[in-house]
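Here the structure is laid out as structure tokens; the discussion comes afterwards.
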Amino acid sequence: MTHFELNPQQKEAVAHDSGPLMILAGAGAGKTRVITQRILELIKKGTPPEKILAVTFTNKAAKEMRERVLAMIDADVEINRPVSARATGLASPYVSTFHSLGVSILRENAKELGLKRHFTIFDRADSVRAIKNALKHLGLDPKQFEPRAMLSVISRHKSDGLSADTYQPDIGDIKRHTLGRIWKEYEARLKKEGALDFDDLLLRTYIVLRDNAAVREHYQKRWSHVHVDEYQDTNRVQFALTQLLVDEKANICVVGDIDQNIYSWRGANLANLLTFEEEFPGTKLVLLEENYRSTQNILAAANIIIEKNVKRKDKTLYTKNEAGELLGLYSAYSEDDEARFIVQTSQERIDAGVPPREIAVLYRANFQSRALEQAFMFRGIPYQVLGTRFFDRKEVKDVLSYIRAALNPDSQGDIARIVSTPPRGIGKMTLSKMFGGTEHELSPTLQKKVGAFKAILKAIRDKALSEKPSETIRFTVQASGLEMKLRGGTEEDRERLENIKELATLASKYDELPPEEGIEKLLEDAALATDQDSLVKNHNAVKLMTVHASKGLEFDYVFVAGLEEGLFPHEKLDQNTDEEEERRLFYVALTRARKKVFLTHAIIRSIFGSQSMQTASQFIDDISEEYIENSDEDRTPPHERKMDLIDF
């Protein structure tokens, strides 16, 4: 969209070029368009492209923003650029996720921080493994101190800016004191393996910027204009990190929507947006309330829902789009009947010419996908469950572990994973001596096997530092013995080999970078992949996902399933349900739709293996009847719906 196509409020935001700016943008209000156009405008006014930083939350959002910015720069005749920004990657705005930005800063300052350049990034499974080992070392019962729960608490403290050294519980609080011991042991294991976890990527970056004036000034000079998207989702560390990147001129632009803050459970702090004007005096505030995505009826329902919240800044979405269809409401007998209705209605839309990819089914909890998947499978409608990530496949993780271990020999988790994949006669006792530095105690035969394994890793390292990433992948698969093992195996093994070939294809996208930088970027993107990265572009299938995973996406038709008290709004085990956040989550679900929303709930639902009577969600009652039509006329009567259970 060109400048003259922007609405007055969007133009106001784009034209503001100095000092703090806060853009409160409602769902579908064109915020990405405004950020990209604003970056272009800054460049046209004389700001060097490389002096502009834009940070967002997901790889998908960063990729789309980066591509849009580069395309706009290349296409604008007023910007004199001898070579395409897309082709060279030089003198371009730096568009990144928070975590990827952290990786970049940490790599550039690795020596200062006592890190290796090729540090390993622990995913959640790696971190859980390290916590389990820490508990074992400390002689603690994993049933009493559940590893995932311990990791979640540590993660929350890191998001608040605490480290294991600064965490100081009262000595009389045994649980908190024990957590401190577990945390320190966990950190020791991270250090031993030359690794950082997801939270470290932000925390360690914040600490180096806070404590090292020279490093801080370097990045403040590097980026004169800072943009932060989805600002309502920032936690305390991200908030503080952002402040440290901005110099005294305070050329910072944040874009956010309080009504879409749905991540408090992972540390997102609404106060960051609510107090922004206090932190940056003289802030210009721009409201974007015109929605370009949804129909009037959808927005009317969304506004009714969100206006009940107290912790927000007033804004009301409106649109010039048509009134559109009313919201559909279906009261199902059971979750199987609910799934049958969703599938049948999806089929009707598909028969009418709607591409399956323009239909999404959203739910509050992952367990709800079971009945839905069975129903779509039974009907033969193509579907995709968001969350099955390519990089989580065993064979893909195996190949990446070979490369991570080759670049970082201290990465014991990766070595333990691959040393017997495929089998090469190295058992647990041998592995223990390898890690303990007592290989000389092994028999000559075992020493030879260990030497051969290390030679494979060295060859992979040499290849990774000198060849294109795609070539490194191909070499790794062959040199490791994985190709031979999978090629001669079962049909499932051959399918795994195809996935590895797909990894090589994906790696070719990094081939234009210098070898070391390219392989680092591939490993980084693999480690930081999110559920949305599992979406296959142009894959023509109905999308099934949680409402949380749908943030930032949009579809023509959206089903919101399981609208029952205790499920949506969700009732937490500790009873500390944040009603306003649940309402924001429902608001997000409604505003994913362009043309029509279907609301469904079940009278009886099986949860944890037992059936229970359900009450329709208060959210349904909140929406005025004038915006809703019942969708259960001429459908299978309740007494016959039980028979559908036989089919699924």
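Atom set for the values below is all heavy atoms of this structure, side chains included, hydrogens, waters and symmetry mates excluded. Computed from a predicted model, the values in this text were never measured in an experiment.
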Between [X] and [Y], is there a donor-acceptor pair closer than 3.5 Å when you use the side chain of the first and the backbone of the second?
X	Y	value
K45	A15	yes
R38	H16	yes
R357	A360	no
Q368	R364	yes
N59	T97	no
E290	Y318	no
N291	R293	yes
S96	L101	yes
K31	A29	no
K551	V588	no

task: For side chain to side chain contact (heavy atoms under 4.5 Å, CB included), just list the numbers for Q37 and L6, CA-CA rounded to whole Å, side-chain angles, deciding distance to a tenth of an Å, and then say yes or no.
output: CA-CA 9 Å; Q37 187 69 52; L6 299 173; 3.7 Å; yes
Does a donor on one side chain and an acceptor on the other come within less than 3.5 Å for [X] and [Y]?
X	Y	answer
T316	N303	no
E279	Q243	yes
S92	E50	no
Y219	N109	yes
E230	Q232	yes
N212	E112	yes
S155	S152	no

Supply the atom-to-atom distance [X] [atom1] to [Y] [atom2], rounded to the nearest 0.5 angstrom.
X	Y	atom1	atom2	result
D199	N235	CG	CG	8.0 Å
I105	H218	CD1	NE2	8.5 Å
I252	L53	CD1	CG	9.5 Å
K63	T58	NZ	OG1	11.5 Å
F276	T234	CZ	OG1	10.0 Å

Residues in ring pair (Phe, Tyr, Trp, His ring centres under 6.0 Å) with [X], at least two apart?
X	value
Y510	none
F568	F586, F619
Y557	none

Is it true that [X] and [Y] have a side-chain N and a carboxylate O under 4.0 angstrom from each other?
X	Y	value
K521	D525	yes
K308	E579	no
E108	R222	yes
D257	K315	yes

Check [X] against [Y] and note the closest heavy-atom contact, atom names and distance.
X	Y	answer
I43	P93	CD1-CG, 4.2 Å
P356	N540	CD-OD1, 3.1 Å
A302	Y587	O-CD1, 3.5 Å
Q618	P569	NE2-CG, 3.6 Å
A589	V547	CB-CG1, 3.8 Å

When you compare the side chain of [Y] with that of [X], does any pair of heavy atoms fall below 4.5 Å?
X	Y	value
I359	F555	no
I73	V69	yes
Y231	N272	yes
L40	K44	yes
N261	D233	yes
T546	L362	no
R117	E520	yes
L196	L115	yes

task: Go through the steps to decide whether R312 and D259 satisfy the test salt bridge (charged side-chain N to carboxylate O under 4.0 Å, His left out), and finish with yes or no.
output: CA-CA 7 Å; R312 65 189 296 262; D259 297 332; 2.8 Å; yes
- prompt: Would N251 and S18 count as a side chain to side chain donor-acceptor pair (under 3.5 Å) if you check the C-alpha gap in whole Å, the side-chain angles of each, and the deciding distance to 0.1 Å?
  reply: CA-CA 5 Å; N251 289 328; S18 61; 5.0 Å; no
message: Tell me whether the count of non-hydrogen atoms from other residues, nucleotides or ligands lying under 6.0 Å of CZ in R236 goes above 12.
response: no
task: Kindly determine whether K158 and S163 satisfy side chain to side chain contact (heavy atoms under 4.5 Å, CB included), including the steps that lead there.
output: CA-CA 6 Å; K158 286 187 175 183; S163 66; over 6 Å; no
message: As a quick check of understanding, evaluate side chain to side chain contact (heavy atoms under 4.5 Å, CB included) for T36 and M72, giving each step before the final call.
response: CA-CA 8 Å; T36 52; M72 290 170 68; 3.7 Å; yes
message: The test is salt bridge (charged side-chain N to carboxylate O under 4.0 Å, His left out); show your working for E325 and R349 and say whether it passes.
response: CA-CA 13 Å; E325 298 184 62; R349 298 284 162 162; 3.2 Å; yes
task: May I ask you to check whether Y263 and H548 place their ring centres under 6.0 Å from each other?
output: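 Ring centroids of H548 and Y263 are less than 6.0 Å from each other.
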task: Take E322 and T295, measure what side chain to side chain donor-acceptor pair (under 3.5 Å) needs, and give me the verdict at the end.
output: CA-CA 6 Å; E322 62 183 5; T295 64; over 6 Å; no
- request: Dump the intermediate steps for salt bridge (charged side-chain N to carboxylate O under 4.0 Å, His left out) on E580 and R583, then the final yes or no.
  value: CA-CA 5 Å; E580 293 211 354; R583 199 172 286 116; 5.3 Å; no
- prompt: After noting the C-alpha distance and the side-chain angles of V228 and V226, does the key distance pass the side chain to side chain contact (heavy atoms under 4.5 Å, CB included) rule?
  reply: CA-CA 7 Å; V228 183; V226 176; 4.2 Å; yes
message: What verdict does the salt bridge (charged side-chain N to carboxylate O under 4.0 Å, His left out) test give for E64 and R68, after you've listed the backbone C-alpha separation in whole Å, the side-chain angles of each residue and the deciding distance to 0.1 Å?
response: CA-CA 6 Å; E64 289 177 357; R68 223 191 268 197; 5.5 Å; no
